[in-house]
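The first residue in the sequence is number 1, and the count goes up from there. Because the structure is predicted, anything quoted here is derived from the model rather than measured.
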Amino acid sequence: MASPRTASMRAYWEERARLNAAFYVDTSLDYEAPDMERFLETGRVVVGLALDDAPVTPAATGLAVEIGCGLGRICLGLTERFDRVIGYDISSQMLEQAKAIVADRPVELRLTDGASLPGLEDQTADLVVTFTVFQHIPDVDVIRRYIREAGRALAPGGVFAFQWNNTPGSRRWRVRRTVMAGVQRLGRGDRYGRDQPEFLGSRVPLAVIDAALADAGLRRVGLRDPDQLFTWAWAVRS
Ligand SMILES: C[S@@+](CC[C@H](N)C(=O)[O-])C[C@H]1O[C@@H](n2cnc3c(N)ncnc32)[C@H](O)[C@@H]1O
C-alpha cells in the first residue's frame, strides 16, 4: 500500500512524464528539443559508472534490476552486460513511454508502490542499481526501505550499486525545501517545477546510508565522490 509520501511522489512523476519525460529524467537536456541520441547514450555511460572501475563487480550476469528506471536508458545499457533486466518505476506514464525504448531487448518494466520491488524473488538479482532516484526522494525512510529491498533481492555474489545526494547539510536542506515549495506554490518558483519536494528530495549523510545497509544485511565496500550530489557507493551481502 502506498504511503501518503509515495502517493505525492507518484503524482509528481506522472505529471512530469506527461509534460516532458526525457527532460525530467535528465534536466541537462534542452526542454524544447531533447537530443534523444545523446540521452540514450548516457544510459550506457551510467552503466559504466556503476560497473567499470568499481570496487566490486557482480559474480554473475543473469539479472540486473534498476530502481526508478524512467524511460529505460539505463536498462538498455544493462542489456549489453546482463541476460535479463527488470526496471521498476513509480510512474506508469514513464513505463509506458519506456516500452518503445527497450522494445526489442530482454527488459521487463514493472510498476512499484514507490518503496518496494514487487514480484522480485529473494536472492535472485546479480546487480541492483539506482541512479538519480534516491536524490529525489524526500522521505529518507523510503530510501531505507529500498535499501532493505536491495538486500533481500541480491543473490550471493550480487552487488548493490547506487547513487544518492551526499551533499552535507541534510537538515538545512529540509528547511530550504519547505521554503522553496512555499515559493513554488505562490507561482514564483522554478518554471519547470523543480522547486517541489518531490524533485528536491533529500541529502543523506553517509552514516545514515551505512546504518541502512547494515540493517539490510549489506556491507559497503566502496565509495566514490563523497559529499557530492552524485556520490556513488557499492555494497554486498555481509
Ligand atoms: C530523474 S529520473 C531517473 C530515471 C533513470 N534512473 C535514469 O537515470 O535514466 C527519476 C525516476 O525515478 C522515478 N521515481 C521517483 N520516485 C520513485 C520511487 N519512490 N520509486 C520508484 N521510482 C521513483 C521517477 O518516476 C523517474 O522515472
Side-chain angles (χ1 to χ4, degrees), residues 9-54 61 64-82 84-112 114 127-138 161-167 180 184 189-203 224-225 228-233:
M9 281 184 249
R10 187 190 305 283
Y12 179 85
W13 286 101
E14 291 288 27
E15 175 69 2
R16 300 302 123 183
R18 264 190 295 268
L19 286 170
N20 190 332
F23 173 77
Y24 287 100
V25 166
D26 179 352
T27 53
S28 70
L29 295 175
D30 186 287
Y31 189 91
E32 305 300 337
D35 178 345
M36 291 309 285
E37 209 172 301
R38 194 197 109 198
F39 174 78
L40 294 180
E41 180 54 33
T42 54
R44 192 182 279 140
V45 172
V46 174
V47 172
L49 288 174
L51 292 173
D52 301 333
D53 295 325
T61 55
V65 173
E66 186 189 359
I67 301 172
C69 62
L71 289 177
R73 64 176 175 164
I74 296 172
C75 290
L76 204 57
L78 287 167
T79 61
E80 294 172 3
R81 305 200 191 204
F82 290 83
R84 210 160 64 89
V85 177
I86 302 175
Y88 284 92
D89 205 279
I90 197 169
S91 160
S92 60
Q93 293 286 331
M94 282 284 180
L95 294 177
E96 197 50 44
Q97 295 179 50
K99 276 185 197 162
I101 288 176
V102 301
D104 55 349
R105 303 289 184 93
V107 177
E108 197 185 319
L109 300 166
R110 293 185 184 172
L111 190 65
T112 160
L127 175 75
V128 177
V129 65
T130 189
F131 178 74
T132 56
V133 177
F134 286 179
Q135 70 181 56
H136 293 300
I137 295 180
F162 61 103
Q163 172 272 337
W164 86 104
N165 184 352
N166 185 224
T167 314
M180 287 169 88
Q184 181 93 56
D190 174 60
R191 61 191 281 230
Y192 296 120
R194 291 171 295 183
D195 287 346
Q196 296 189 26
E198 293 76 14
F199 190 89
L200 293 173
S202 50
R203 297 177 173 183
R224 183 189 290 153
D225 299 330
Q228 304 295 319
L229 170 58
F230 293 104
T231 297
W232 278 88

Please tell me if the side chains of [X] and [Y] come closer than 4.5 Å, counting only heavy atoms from C-beta onward.
X: Cys69; Y: Leu95; answer: yes
X: Met94; Y: Val25; answer: yes
X: Leu78; Y: Leu127; answer: yes
X: Glu15; Y: Gln196; answer: no
X: Ile67; Y: Phe162; answer: no

Let me confirm one number: the [atom1]-[atom2] distance from [X] to [Y], rounded to the nearest 0.5 Å.
X: Ile101; Y: Asp104; atom1: CD1; atom2: CG; answer: 12.0 Å
X: Gln228; Y: Gln163; atom1: CD; atom2: CD; answer: 11.0 Å
X: Tyr24; Y: Arg194; atom1: OH; atom2: CZ; answer: 7.0 Å

Worksheet entry | Single hit among Phe131, Trp164, Phe134 for ring-ring contact (aromatic ring centres under 6.0 Å, His included) with Trp232 | Phe131
Of the non-hydrogen atoms in [X] and [Y], which two are nearest, and what is the gap between them?
X: Leu29; Y: Ala22; answer: CD1-O, 3.5 Å
X: Ile90; Y: Met9; answer: CD1-CB, 3.8 Å
X: Val133; Y: Gly68; answer: CG2-O, 3.4 Å
X: Val107; Y: Cys75; answer: CG1-CB, 3.9 Å
X: Arg105; Y: Thr79; answer: NH1-OG1, 2.8 Å

Worksheet item: Is Arg44 salt-bridged to Glu41, going by a charged N under 4.0 Å from an acidic O?
Response: yes
Worksheet item: Taking NZ, NE, NH1 and NH2 as the nitrogens, is one of them in Arg38 or Asp30 under 4.0 Å from a carboxylate oxygen of the other?
Response: no
[X] side chain to [Y] main-chain N or O, any donor-acceptor pair under 3.5 Å?
X: Thr231; Y: Asp225; result: yes
X: Gln135; Y: Phe230; result: no
X: Arg10; Y: Thr112; result: yes
X: Gln97; Y: Ala17; result: yes
X: Asn20; Y: Tyr31; result: yes
X: Arg81; Y: Ala64; result: no

Discussion item. Pairing donors with acceptors under 3.5 angstrom, does anything connect the side chains of Ser92 and Glu14?
Written reply: yes
Worksheet entry | Any donor-acceptor N or O pair under 3.5 Å, side chains Asn165, Thr167 | yes
Practice prompt. Name the orientation class of the two ring planes belonging to His136 and Phe199 (parallel below 30°, tilted from 30 to 60°, perpendicular beyond 60°).
Written response: tilted
Item to complete: Could you check whether the rings of Phe23 and Tyr192 sit parallel, tilted or perpendicular, using 30° and 60° as the cut-offs?
Response: tilted
Worksheet item: When you look at Asp26 and Arg73, which way does the salt bridge (charged side-chain N to carboxylate O under 4.0 Å, His left out) test go after all the steps?
Response: CA-CA 11 Å; Asp26 179 352; Arg73 64 176 175 164; 3.8 Å; yes
